[in-house]
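Some notes on the structure that comes next.
The model shown is predicted, which means the values in this text are computed figures rather than measured ones.
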Amino acid sequence: MLKIPLPTSPLERRFALIAATLAVVLLALSAWLFSYQWAAYANADRALADLRVFHSILLAMEKVSVERGPSNAALGDASPPPPARERALREARAESDRRIADLLSQLEAPACRDCLDERDAVLRARADLVRARAFIDGLLDQPRGARTGEALHRAVAGMIQVVPHFTAIADVSAAKVDRGAPGALSRLLAARLAALLREQAGLLGSQLTPALGTGRPLTDAEQFAIERTLGTIAQLRALLQPRVLNDQALPRGAFQLVEMQYFRVGLDYFSRVRALASLPGDAGVSTAEFARHYVPLMGSITNFRDEVLELVQQQVGARRDVRLAWLGGIVAILSVVVACLFLGVWLFRRQVVQPFAEAASAIRAIAAGDLAAPLSPRPYRGEIGELFDAVQVLQGNSIERARLENERRHLIAKLSKMAETDALTGLLNRGAFDRRLKDACSGAGRRADGRLLSLTIFDIDHFKRINDRYGHASGDRALRRVATLSREVWREEDIVARIGGEEFAVLACVPAGSDAVDMAQRLRERLSATMLVADSGERFSLRASFGTAFAVPGKTRDADGLMRRADLLLYQAKQGGRDRIVAETASQEPAVG
């Protein structure tokens with residue numbers, strides 16, 4: 001492998017770092033520019049294909065609209081139509097079919113992967129066109145006098161409803177072209193407006209067909225439909241005029257021809273025929289004669305549309321050629337940059353980026369508490385080596401600090417437990433119990449769930465005799481036994497404490513006062529059944545007296561008051577002969593159990 005001497009001085013190393021950083025930035029910008037230009041070229045190339053689809057959509061829409069001319073003319077003739085009229089209808093239908101087939105072939109091409117919706121719309125349009133033609137053919141088989149105005153209306157409407165399928169997908173196709181060639185949308189809209197103008201002009205002529213075909217005057221509904229179409233044509237003209245005036249590249253001559261041939265001559269001829277068709281009786285103009293004069297005047301609209309589309313195609317093609325030239329230049333520049341900077345980037349990564357990444361990873365692990373994370377075994381020199389030395393010191397200090405912190409937490413937890421725990425029995429001591437009693441009494445009385453706060457105080461009967469007769473060790477054993485049985489009898493959430501020499505206390509929440517008495521009774525019975533063995537081998541049993549008080553609903557009781565009442569009840573149990581339970585009742589009268 002080729003080895004290049006590394007800079008030796010800090011200044012040289014810093015310079016190399018700056019140069020490598022700038023090279024990486026330049027490479028990244030070049031790669032981004034290449035990607036951007038490639039995407040722009042691909043979009044422009046795709047826009048050309050989308051433009052061809054857009055043009056094919058407009059041509060298919062136009063040919064379907066043109067087909068209405070010979071269809072309307074044939075509907076006004078006798079059955080069968082003259083050979084020339086029949087031939088014109090066949091040719092118009094064949095041209096419509098050819099344009100639709102060409103459009104479908106483009107939409108079904110592998111390059112048009114997102115054209116499924118457009119293809120389905122064209123298939124629906126073709127199906128509607130087939131049905132409309134079949135209905136027209138049925139009318140052409142009938143004598144002219146048997147064709148009603150309603151049937152002619154239906155025939156015209158059937159042909160008209162085919163065009164909206166193409167209109168919807170034309171908007172989608174125009175948006176696709178604009179994505180690949182920004183700036184072309186305005187001219188695409190001009191072509192789109194021209195196509196709509198051609199369709200509305202054809203629709204306007206078709207609206208005279210029922211009246212001319214049946215030799216009757218126009219109805220009020222037909223007059224209203226004509227006025228609405230004329231309004232749409234006027235709006236399209238108003239939208240096209242400023243676009244042609246503001247965009248110097250649009251073909252003004254072709255639009256002036258539209259103004260002259262259609263908006264003047266064509267609409268003037270339509271107005272004359274409409275006036276004749278508004279009078280009673282036959283207008284004297286057949287559908288064939290009207291189509292022969294009116295349809296050619298719409299050709300200027302199609303010519304204007306095609307010239308606009310040619311202009312858009314030139315614009316998109318020029319954009320694609322520019323993007324292709326940019327791509328060639330960028331590829332050449334990138335080849336030189338990559339060849340020159342590859343080795344420098346590799347050295348930069350090995351000597352600077354990778355060590356810093358390893359150090360950062362180790363520091364993050366230490367910060368997250370993973371003090372066992374291994375450091376890089378590779379030897380580094382200079383500032384990098386000093387950095388890893390510092391990280392190693394940081395790791396050692398963090399390990400020692402974590403050890404000391406762990407010892408401190410254990411010590412605090414141990415001292416906290418010792419401060420609240422009776423050393424002999426492991427129960428809470430008097431101070432801890434008083435704090436919990438005070439907290440509980442702050443919400444004393446019957447709670448929202450109907451529970452009572454009960455306090456039971458009990459002590460071992462004749463405990464001094466046990467100490468005197470069997471020794472203090474046996475007395476301690478008796479206290480521990482009482483603590484064990486108390487934990488077994490009362491629930492985990494109940495608070496059991498040793499509050500004096502042989503005196504214990506239990507704080508519990510119970511549904512009813514009888515529940516607290518029942519638990520005290522179970523402990524009394526288990527104590528009575530317990531036999532302990534003294535150091536001398538003698539066996540002795542335990543007895544206890546109990547006093548149970550409650551926080552009474554509706555009355556405020558502080559902790560000291562509750563404690564005094566329970567203590568008084570314990571005293572009454574002692575006075576009553578010991579080995580018994582004295583508890584408050586709902587009326588606050590002591591009850592003996």
Side-chain angles (χ1 to χ4, degrees), residues 61-78 81-93 95-96 136 139-140 144 147 149 152-153 155-157 159-160 163 194-219 222-223 225-234 236-237 254-306:
M61 182 171 67
E62 174 201 351
K63 296 308 177 183
V64 172
S65 180
V66 168
E67 185 183 327
R68 293 202 300 262
S71 297
N72 294 341
L75 289 172
D77 288 329
R85 202 92 68 221
E86 190 173 358
R87 183 173 61 255
L89 180 57
R90 285 198 307 271
E91 291 175 353
R93 289 180 174 182
E95 183 64 15
S96 297
I136 290 174
L139 290 180
L140 294 179
R144 184 173 183 272
R147 302 168 192 165
L152 292 179
H153 266 296
V156 171
M159 291 295 296
I160 291 174
V163 175
L196 286 176
L197 178 60
R198 170 62 182 81
E199 166 59 20
Q200 291 297 315
L203 174 61
L204 185 67
S206 297
Q207 288 169 338
L208 290 179
T209 299
L212 298 179
T214 57
R216 61 166 176 79
L218 291 167
T219 65
E222 290 169 340
Q223 295 280 15
I226 290 172
E227 288 298 327
R228 184 171 57 188
T229 305
L230 285 172
T232 302
I233 291 174
L236 293 172
R237 182 184 186 185
F255 186 73
Q256 289 173 356
L257 195 61
V258 174
E259 291 277 2
M260 181 181 300
Q261 287 190 359
Y262 181 73
F263 286 110
R264 293 182 185 176
V265 178
L267 290 183
D268 181 67
Y269 174 72
F270 176 84
S271 298
R272 293 198 305 270
V273 175
R274 178 189 178 186
L276 293 174
S278 300
L279 299 175
D282 193 341
V285 179
S286 68
T287 55
E289 181 183 354
F290 175 77
R292 184 170 62 253
H293 285 85
Y294 181 73
V295 171
L297 297 175
M298 294 186 291
S300 59
I301 303 175
T302 304
N303 293 335
F304 171 74
R305 179 205 66 195
D306 291 341

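Using a 4.5 Å heavy-atom threshold, the side chains of Leu212 and Val273 count as touching. Looking at heavy atoms from C-beta onward, Ile226 lies in side-chain contact with Leu208 at the 4.5 angstrom threshold. At a threshold of 4.5 Å between non-hydrogen side-chain atoms, the residues Glu95 and Val66 do not count as touching. For the pair Leu89 and Arg93, the minimum side-chain heavy-atom distance is below 4.5 Å. At a threshold of 4.5 Å between non-hydrogen side-chain atoms, the residues Leu197 and Phe304 do not count as touching. Side-chain contact check for Met159 versus Ile136: some heavy-atom pair is nearer than 4.5 Å. When side chains are defined from C-beta on, Thr232 does not count as touching Leu204, because their heavy atoms never get closer than 4.5 Å. Proximity of Thr209 to Phe290: side-chain heavy atoms (C-beta onward) are nowhere separated by under 4.5 Å.
Atoms CG and CZ, on Leu203 and Arg228 in that order, are 9.0 Å from each other to the nearest 0.5 Å. To the nearest 0.5 Å, the span separating CD on Gln207 from CG on Leu230 amounts to 8.0 Å. The structure places OG of Ser65 at 11.0 Å from CG of Leu196, a figure rounded to the nearest 0.5 Å. Rounding to the nearest 0.5 angstrom, the gap separating the CG atom in Leu236 from the CD atom in Gln200 is 6.5 Å. Rounding to the nearest 0.5 Å gives a distance of 10.0 Å between CD1 of Ile233 and CD of Glu199. Rounded to the nearest 0.5 Å, atoms OG1 (Thr214) and CG (Leu152) are 6.0 Å apart.
When all heavy atoms of Gly69 and Ala291 are compared, the pair lying nearest together is O-CB, 4.0 Å. Pro70 and Ala92 get closest at one heavy-atom pair: CG-CB, 3.6 Å.
Here Glu222 pairs with His153, Pro210, Ala211, Arg216, Leu218, Thr219 under the side-chain contact (heavy atoms from CB on, under 4.5 Å) rule; sequence neighbours left out. With sequence neighbours excluded, the residues that form a side-chain hydrogen bond (donor to acceptor under 3.5 Å, both in side chains) with Glu259 are Arg237, Gln241. Residues forming a side-chain hydrogen bond (donor to acceptor under 3.5 Å, both in side chains) with Arg272 (at least two apart in sequence, or on another chain): Asp268.
Within a 6.0 Å radius of CZ in Arg90, more than 12 heavy atoms belonging to other residues, nucleotides or ligands are found.
Between the side chain of Thr229 and the backbone N or O of Ala225 there is at least one donor-acceptor pair closer than 3.5 Å.
Checked options Gln256, Gln261, Arg198; the residue passing with Ser300 is Gln261 (criterion: side-chain contact (heavy atoms from CB on, under 4.5 Å)).
A donor-acceptor pair shorter than 3.5 Å can be found between the side chains of Tyr294 and Tyr262.
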